[in-house]
Amino acid sequence: MYHTWMRYFTPRPVHHRLGLVCLGVGLQHGQLPTVGPRTLDHHVAVVISAGSGWYRGADGRRTSVTAPALIWLTPGVPHHYGPDPAAGWDESFVDFTGPATATYTELGYIEPDRPVVPLADAAGARAAVGRITRAARRGNPLLEVETGAAVHELLVALRRARADTNADGDPVLTALARDAFQPLSVAEHAARHGMTPAELRTAVRRGAGCSPKDYLLAIRLGHAKELLATTDLPVAAVSRRVGYEDPAYFSRLFTRRVGLAPIRFREQQGRNVPGGWSNRVPDPEHPPTIVGTWT
């Protein structure tokens, strides 16, 4: 016995310009029939939250699948998979496409070369799928945009849930973020972790989808923006605080990456923060509120 619920959608061309569109969603459990062999023209994320089974790709090799796990089905790749015939499994799937799939693949969120991905937990992914199923009600005027936005959430949830990332995030990335403002070269960062520069590049590329230099630069520029927007520190002082001893180099780099010179960014974004700038991340359940009354 098995149980299946699914819906399919046909977004208009204008929705495709949003980057991602959802083509379908389904929830299934039990002794499901085998899928394939077949080849699709779009992506599918198949989330296995309970049970076990198998997957066979273009190379013909059979790979075991044990929940929680993700099966990536990518365009043009033959595939064949199914649950254990005796016990079955619990499955949810989302079909999607759009130009943003290329960028998500480049960043390592979608992994065509690793079709079976062990997950630490399927709860976040199932929550994103739940948002798609709720949006799939008949007559929902926001259907295409709402489900497309949830696909973005699903890809983030799946990336966060990978079993090779611990609850606190990738330790290498965490350490790089902690040391981002120190004037260290990539080789010096690598040595701190007992790694070669090549090993560090591989680890950061896998974890963040970019080079160590770009990862550190993004953190430095983000903090520089905060300092420019919320303090009166001179640009030279901001430069030193984010790890650049040469203010002229910092200004050129900031201008090239941000599209505005530091002074111009401050003019656009600067705010008077009389109470001081906070580094605490607000609790979404208890956001900052205004205390007192206006007069």
Can you name the nearest heavy-atom pair linking [X] to [Y], along with the distance?
X    : Y    : answer
E199 : G194 : OE1-O, 4.4 Å
W54  : V65  : C-CG2, 3.9 Å
A208 : Y215 : CB-CD1, 3.8 Å
Q268 : L260 : OE1-CD1, 3.4 Å
F250 : L221 : CE1-CD2, 4.5 Å
R126 : S92  : CD-OG, 3.4 Å

V77 vs W72, side-chain contact (heavy atoms from CB on, under 4.5 Å): CA-CA, chis, key distance, verdict: CA-CA 10 Å; V77 178; W72 281 124; over 6 Å; no
Should [X] and [Y] be counted in the same cluster of Ile, Leu, Val, Met, Phe, Trp and Tyr side chains packed under 4.5 Å apart?
X    : Y    : result
L70  : V151 : yes
V129 : V44  : no
V116 : I110 : no

[X] side chain to [Y] backbone, donor-acceptor under 3.5 Å:
X    : Y    : answer
Y244 : Y249 : no
R137 : R134 : yes
R266 : T231 : yes
D90  : S49  : no
Q31  : G88  : no
T101 : T97  : no
S239 : V235 : no
H152 : A149 : no
Q182 : D179 : no

Side-chain contact, heavy-atom cut-off 4.5 Å: [X] with [Y]?
X    : Y    : result
P11  : L23  : yes
C210 : L107 : no
L228 : Q269 : no
L158 : V47  : yes
E245 : R240 : yes
T147 : N140 : no

Side chain to side chain contact (heavy atoms under 4.5 Å, CB included) involving R38 - partner list, sequence neighbours excluded: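 For R38, the residues satisfying side chain to side chain contact (heavy atoms under 4.5 Å, CB included) (neighbours in sequence not counted) are V35, L40, L73, H79, Y81.
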Check against side-chain contact (heavy atoms from CB on, under 4.5 Å), F93 and Q28: CA-CA 9 Å; F93 67 84; Q28 307 185 95; 3.7 Å; yes
Residue R7 excluded, over 12 heavy atoms near CZ under 6.0 Å: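 Enclosed.
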Neighbour count >12 (heavy atoms, 6.0 Å) for atom CG, D232: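 No, the 6.0 Å shell around CG holds no more than 12 heavy atoms from other groups.
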Full working for side-chain contact (heavy atoms from CB on, under 4.5 Å) between D214 and R257: CA-CA 11 Å; D214 281 342; R257 290 301 184 106; 3.3 Å; yes
Pair L155-L20, side-chain contact (heavy atoms from CB on, under 4.5 Å): steps then yes or no: CA-CA 11 Å; L155 294 179; L20 286 179; 3.8 Å; yes
Whether H223 and F181 hold their rings parallel, tilted or perpendicular, with breakpoints at 30° and 60°: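 Rings of H223 and F181: tilted, 30 to 60°.
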